[in-house]
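Here the structure is laid out as structure tokens; the discussion comes afterwards.
Just so you know, residue 1 is the first one in the sequence shown, and it goes up from there.
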Amino acid sequence: SFRQLLLFLDACGSVEEGSKVCSSYYETKRKNKEHFKNRDPEDPKIKQCLAHQDYFFLPNTPSGDLVIFHRLSSSRASDYVFDEAIKTFFMTIDSCLSKNGPRDGAIFLFDMKGVGLMHLLRVNLSSIRKFFHYVQECVPGKLKDIHVMNVVPFFDKILALIKPFVKAEILKNVSMT
């Protein structure tokens with residue numbers, strides 16, 4: 001839509017960059033059906049995801065960056081479906097952009113309280129790659145920071161999984177508490 005195009009142009013700062021990000025956005029949505037199809041909040045899979053995890057956007061930072069928060073509300077690994085979690089996170093990003101308009105940047109907050117080693121067994125590398133491609137190349141605005149709270153002792157294993165897919169400039173802005 002025209003509104004969508006304006007969103008990309010405004011967030012990206014130039015017609016060339018906005019066009020590139022917009023093309024990547026729609027191409028990624030077309031190719032990755034598991035994360036972009038059946039995005040109805042009333043869908044049973046999404047409802048199950050929302051019953052066991054929290055996703056919400058916080059007030060923008062003073063500089064105007066959007067802030068999105070995610071945590072588990074159930075620590076049972078059997079309640080965690082990674083691809084549905086990604087889909088729901090992407091829905092949260094889209095909802096935030098729709099409500100607040102374009103932003104120059106985004107900050108993601110991940111609370112790891114309740115995350116166990118069994119959760120790692122439910123993660124697949126292909127989806128990790130798709131997640132980071134989308135948030136780094138396809139969202140209108142730049143991923144600036146990732147803040148990880150309540151870091152678990154095996155976070156080095158998680159970092160090893162995601163590191164190949166995260167740009168160096170983002171990796172240096174990962175903070176842990």
Heavy-atom side-chain contact between [X] and [Y] under 4.5 Å:
X	Y	result
Ile128	Val123	yes
Cys138	His133	yes
Phe131	Ile162	no
Lys142	Glu169	yes
Val139	Tyr25	no
Leu50	Ile46	yes
Gln48	Glu84	no
His35	Thr28	no

For this session: Hydrophobic side-chain clustering at under 4.5 Å (ILVMFWY, transitive links): who's grouped with Val67? Put none if nobody.
Result: Phe56, Leu58, Phe69, Ile107, Leu109, Met149
Can you name the nearest heavy-atom pair linking [X] to [Y], along with the distance?
X	Y	answer
Val152	Val115	CG1-O, 3.5 Å
Leu161	Leu120	CD1-CD2, 4.1 Å
Phe154	Gly116	CZ-C, 3.4 Å
Pro41	Lys47	O-CG, 3.2 Å

State the [atom1]-[atom2] distance between [X] and [Y], to the nearest 0.5 angstrom.
X	Y	atom1	atom2	answer
Lys130	Phe36	NZ	CZ	10.0 Å
Asp111	Asn150	CG	CG	4.5 Å
Phe82	Leu121	CZ	CG	12.5 Å
Tyr55	Cys49	OH	SG	3.0 Å
His119	Met112	NE2	CE	9.5 Å
Ser63	Lys144	OG	NZ	5.0 Å

Exercise. Would Lys87 and Glu34 pass as an ion pair if we require N to O under 4.0 Å?
Worked result: no
For this session: Over 60° means perpendicular and under 30° means parallel, so classify the ring planes of Phe110 and Phe108, tilted if in between.
Result: perpendicular
Exercise. Is there a donor-acceptor pair under 3.5 Å between the side chain of Gln136 and the backbone N or O of Lys167?
Worked result: yes
Answer yes if the side chains of [X] and [Y] hold a donor-acceptor pair under 3.5 Å, and no otherwise.
X	Y	result
Asn38	Asp43	no
Ser73	His52	no
Asp54	His70	no

Problem set entry | Pairs meeting criterion ring-ring contact (aromatic ring centres under 6.0 Å, His included) with involvement of residues 157-177, two or more places apart | none
Which atom pairs, donor and acceptor, lie under 3.5 Å between side-chain atoms of residues 90-97 and protein residues at least two apart or in another chain?
from	atom 1	to	atom 2	distance (Å)
Thr92	OG1	Thr88	O	2.9
Asp94	OD1	Tyr134	OH	3.4
Asp94	OD2	Lys29	NZ	3.4
Asp94	OD2	Arg39	NH1	3.1
Asp94	OD2	Arg39	NH2	2.8

Exercise. Under 6.0 Å from the NZ atom of Lys31, do we count more than 12 heavy atoms belonging to anything else shown?
Worked result: no
Problem set entry | Of Ile170, Asp65, Asn173, the residue whose pairing with Asp145 passes side chain to side chain contact (heavy atoms under 4.5 Å, CB included) | Asn173
